[in-house]
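These notes concern the structure reproduced below.
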Amino acid sequence: MISLNEQMDIINRGSKEIISEDELAGKIESSIQTGIPLTVKWGADPSAPDIHLGHTVSIRKLKQFQDLGHRVVFIIGDFTAMIGDPSGKTIARKRLSRQQVIQNAETYKQQIFRILDPEKTVVEFNNRWCSALSFEEILNLTSKYTIARMLERDDFENRYRTGQPITIMEFLYPLIQGYDSVALKADIELGGTDQKFNLLVARDIQREYGQMPQVVITMPLLVGTDGTQKMSKSLDNYIALDDPPEQMYGKTMSVPDELIHPYFELLTDVAGEEFKQIKKLLADPKCNPMELKKQLAKRLVTMYYDPQKAETAEREFDTIFRKKETPEQIAVHHLSANLLWIVKLLTEVEFASSNNEARRLIQQGAVSIDGTRIADPELTIKFKGGEVLKVGKKKFVRLEIGCCIDS
RNA sequence: GGAGGGGUUCCCGAGUGGCCAAAGGGGGCAGACUGUAAAUCUGUUGGCGACGCCUUCGGAGGUUCAAAUCCUCCCCCCUCCA
């Protein structure tokens, strides 16, 4: 096994906070002595099965734990998801059926195993122990925590102050999550900095149950493609692991330049000299940040796909956005008629969701056919097949005559 | 249980009888510029083959020539007191 200092070093890299380092050192030490790996816990809500780069910050850290010989437990919070979490204003977030949960869990696994080693990963559903809890035990759990302490949490405090609803169930959430740690006898739990409160509650709960409290490791939150808020699905500022290569590349290029540095740091393996070099170039006004961003984008696509796909994605990006040319491969649409009103054409190929939107696009000069801009929304066009329709910067389709799809 | 405040378009939020498809901001989309789907600037942002018509301000009714705005009932949220 790797020495204590080396382990501490690796774990520290990129982490925001470790509570506490001494405890962690103690745990690692005894693990080295006994040969028993530490249990590292990481949880996810099964309702949104799209894993994105924001998640990978933690997942990559978990991978390091695996490489150090420890045991990673991935918890799928199906119990709470099945109750239906009414948090925020979105009333009655859909309850998930057993089947959906299992399905989502599968997509989760398929995604996280692009980083983690499936052999060394235990997947658990918290429903297994949570549904066995009696009401009495739950009351017991709730008696261990106070409202005042709950309101210490930023998010709760904010909502309380601004008059937004907080349900009792949300108060139970951290307790349940803490109970998960008890059930697993977790040695370490990992999470984003926004999870800090919950992770700390788990320590108290574990103590109540006579266990050694888990070490809490928080990872920095990744800022999303919008450059301001944390990457999340609901804000639609995310780059998903399942995004196709071109999109992964393109979305990375759409990230504000200031994010190049943190992205390299949190999402890739660049370290040491190479990282210093990148930092230097970013600070140099003579250096075009686009070049570094391209490197970053290519690197990410290579990580989750392969070098060839990264190459293709880059070429396509250059073609479309730098040279403003038509990409090599574009989708084909079979026209419903060869004489077509331009507005209908746009809705037919689903580049516009309504006639009004189509008109707007035309009036704004976004529409062209074979490179000729269409400015008149009343135009009717006769097609002979093979024309390329372009809307905006990134939507292309080749038009062919005839629609004999489901004959 | 009592008193008060509130529900407006994708989101936040103004509007308290006609000038309201509804200010402003955010987000989205588009254009210009460019070294990038960066930044910046500008435009646009309910629907309909359309100088008109239809639908939208929590829900259902009503008053009025005219309702997001007034009245009645209902639903939901928040705050304070108990």
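Numbers restart at 1 for each chain; the letters A, B, ... are given by sequence-line order, proteins then strands.
Residue A:Leu361 places its side chain closer to B:C29 than to any other of B:C29, B:A37, B:A38. Distances from the side chain of A:Met290 to the nucleotides B:A30, B:U36, B:A37 place B:U36 closest.
Base pairing of B:A32 is made with B:U40, judged by Watson-Crick or G-U wobble geometry with both donor-acceptor distances under 3.5 Å. Of all nucleotides present, only B:G47 satisfies the Watson-Crick or G-U wobble test against B:C53, with each distance under 3.5 Å. If you check B:A23 for Watson-Crick or wobble pairing at under 3.5 angstrom, you find it has no partner at all. Under the Watson-Crick or G-U wobble criterion, with both distances below 3.5 Å, B:U64 is left unpaired in every strand shown. B:U16 is unpaired under the Watson-Crick or G-U wobble criterion, no partner having all donor-acceptor distances under 3.5 Å. Base pairing of B:U69: no nucleotide in any strand meets the Watson-Crick or G-U wobble criterion (both distances under 3.5 Å). Remark: B:A3 base-pairs with B:U79; criterion is Watson-Crick or G-U wobble with both hydrogen-bond distances under 3.5 Å.
Here the separation of B:U55 from B:C48, taken at their P atoms, is 15 Å to the nearest Å. Rounded to whole Å, the C1' atom of B:A21 lies 12 Å from the corresponding atom of B:U45. Comparing the P positions of B:G7 and B:U69 gives an interatomic distance of 12 Å, to the nearest angstrom. Straight-line distance between the C1' atoms of B:A30 and B:U16: roughly 37 Å, to the nearest whole Å. For the P atoms, the distance from B:G1 to B:U9 is 30 Å, rounded to whole Å. B:C41 sits 12 Å from B:U34 when the C1' atoms are compared, rounded to a whole Å. The separation of B:C19 from B:C54, taken at their P atoms, amounts to 15 Å, rounded to a whole angstrom. Remark: the separation of the P atoms in B:U40 and B:G26 is 11 Å, to the nearest Å.
Regarding A:His261, its NE2 atom lies at a distance of 17 Å from the C1' atom of B:A38, rounded to whole Å. In this structure, A:Lys390 atom NZ and B:G31 atom C1' are separated by 12 Å, rounded to whole Å. In this structure, the CG atom of A:Leu346 is 13 Å from the C1' atom of B:A30, given to the nearest Å. Whole-Å rounding puts the A:Ile374 CD1 to B:A30 P distance at 17 Å. Computed from coordinates, the A:Ile239 CD1 to B:A38 C1' distance equals 13 Å when rounded to whole Å. Rounded to whole Å, atom C1' of B:A37 lies 14 Å from atom CG of A:Asn237. At whole-Å resolution of the value, CE in A:Met253 and C1' in B:A39 are 13 Å apart. Note: CZ (A:Phe321) to P (B:C33) measures 17 Å, nearest angstrom.
In this structure, the ring of A:Tyr209 has its center less than 6.0 angstrom from the ring center of A:Tyr179.
Of the residues A:His70, A:Lys63, A:Gln64, the one that meets the side-chain hydrogen bond (donor to acceptor under 3.5 Å, both in side chains) test with A:Asp67 is A:Lys63.
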Would you give me the side-chain donor-acceptor pairs under 3.5 Å for residues 271-286 of chain A, sequence neighbours excluded?
unit_1: A:Glu274; atom_1: OE2; unit_2: A:Arg299; atom_2: NH1; d: 3.0
unit_1: A:Asp284; atom_1: OD1; unit_2: A:Lys286; atom_2: N; d: 2.9

Show me the donor-acceptor pairs within less than 3.5 Å that the side chains of residues 113-120 of chain A make with the rest of the protein, sequence neighbours left out.
unit_1: A:Arg114; atom_1: NH1; unit_2: A:Leu241; atom_2: O; d: 3.0
unit_1: A:Arg114; atom_1: NH1; unit_2: A:Asp242; atom_2: OD1; d: 3.1
unit_1: A:Arg114; atom_1: NH2; unit_2: A:Leu241; atom_2: O; d: 3.4
unit_1: A:Arg114; atom_1: NH2; unit_2: A:Tyr304; atom_2: O; d: 2.7
unit_1: A:Asp117; atom_1: OD1; unit_2: A:Glu119; atom_2: N; d: 2.9

Under 3.5 Å, sequence neighbours excluded: what are the donor-acceptor pairs made by side chains of residues 383-394 of chain A?
unit_1: A:Glu387; atom_1: OE1; unit_2: A:Gly385; atom_2: N; d: 3.0
unit_1: A:Glu387; atom_1: OE2; unit_2: A:Lys384; atom_2: N; d: 3.0

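Across all strands shown, A:Lys393 has heavy atoms under 4.0 Å from sugar-phosphate atoms exclusively, and none from any base. Nucleic acid contact for A:Lys286: none, since no nucleic acid atom lies under 4.0 Å from a heavy atom of the residue. Note on A:Gly250: a base of the nucleic acid sits closer than 4.0 angstrom, heavy atoms only.
Judged as a salt bridge (charged side-chain N to carboxylate O under 4.0 Å, His left out), and not counting sequence neighbours, A:Arg71 has no contacts. Residues satisfying the ring-ring contact (aromatic ring centres under 6.0 Å, His included) criterion with A:Phe74, sequence neighbours excluded, are A:Trp42, A:Tyr108. In terms of the salt bridge (charged side-chain N to carboxylate O under 4.0 Å, His left out) criterion, A:Glu400 has no residue partners (sequence neighbours excluded). With sequence neighbours excluded, the residues that form a ring-ring contact (aromatic ring centres under 6.0 Å, His included) with A:Phe317 are A:Tyr249, A:Phe321.
For the pair A:Val391 and A:Ser254, nearest-nucleotide mapping onto RNA chain B gives the more 5' position to A:Val391. RNA chain B is contacted by both A:Arg322 and A:Gly365; A:Gly365 maps to the nucleotide lying nearer its 5′ end (nearest heavy atom per residue).
The side chain of A:Lys293 contributes no N or O atom lying less than 4.0 Å from OP1 or OP2 of B:A37.
Here A:Glu106 pairs with A:Lys109 in a salt bridge; the nearest charged N to carboxylate O distance falls below 4.0 Å.
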Next on the checklist: Across nucleotides 42-53 of chain B, 5' to 3', mark each nucleotide with B, S or - according to how protein heavy atoms within less than 4.0 Å reach it.
Outcome noted: -BSS-BBBB---
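Ring-plane geometry between A:Tyr145 and A:Phe197 is classed as perpendicular, the angle between the planes exceeding 60 degrees on a 0 to 90 degree scale with a lower cut at 30.
At a non-hydrogen distance threshold of 4.0 Å, nothing from residues 297-316 of chain A comes into contact with RNA chain B.
Between A:His333 and A:Glu348, the side chains place a donor N or O and an acceptor N or O closer than 3.5 Å (distance only, hydrogens not considered).
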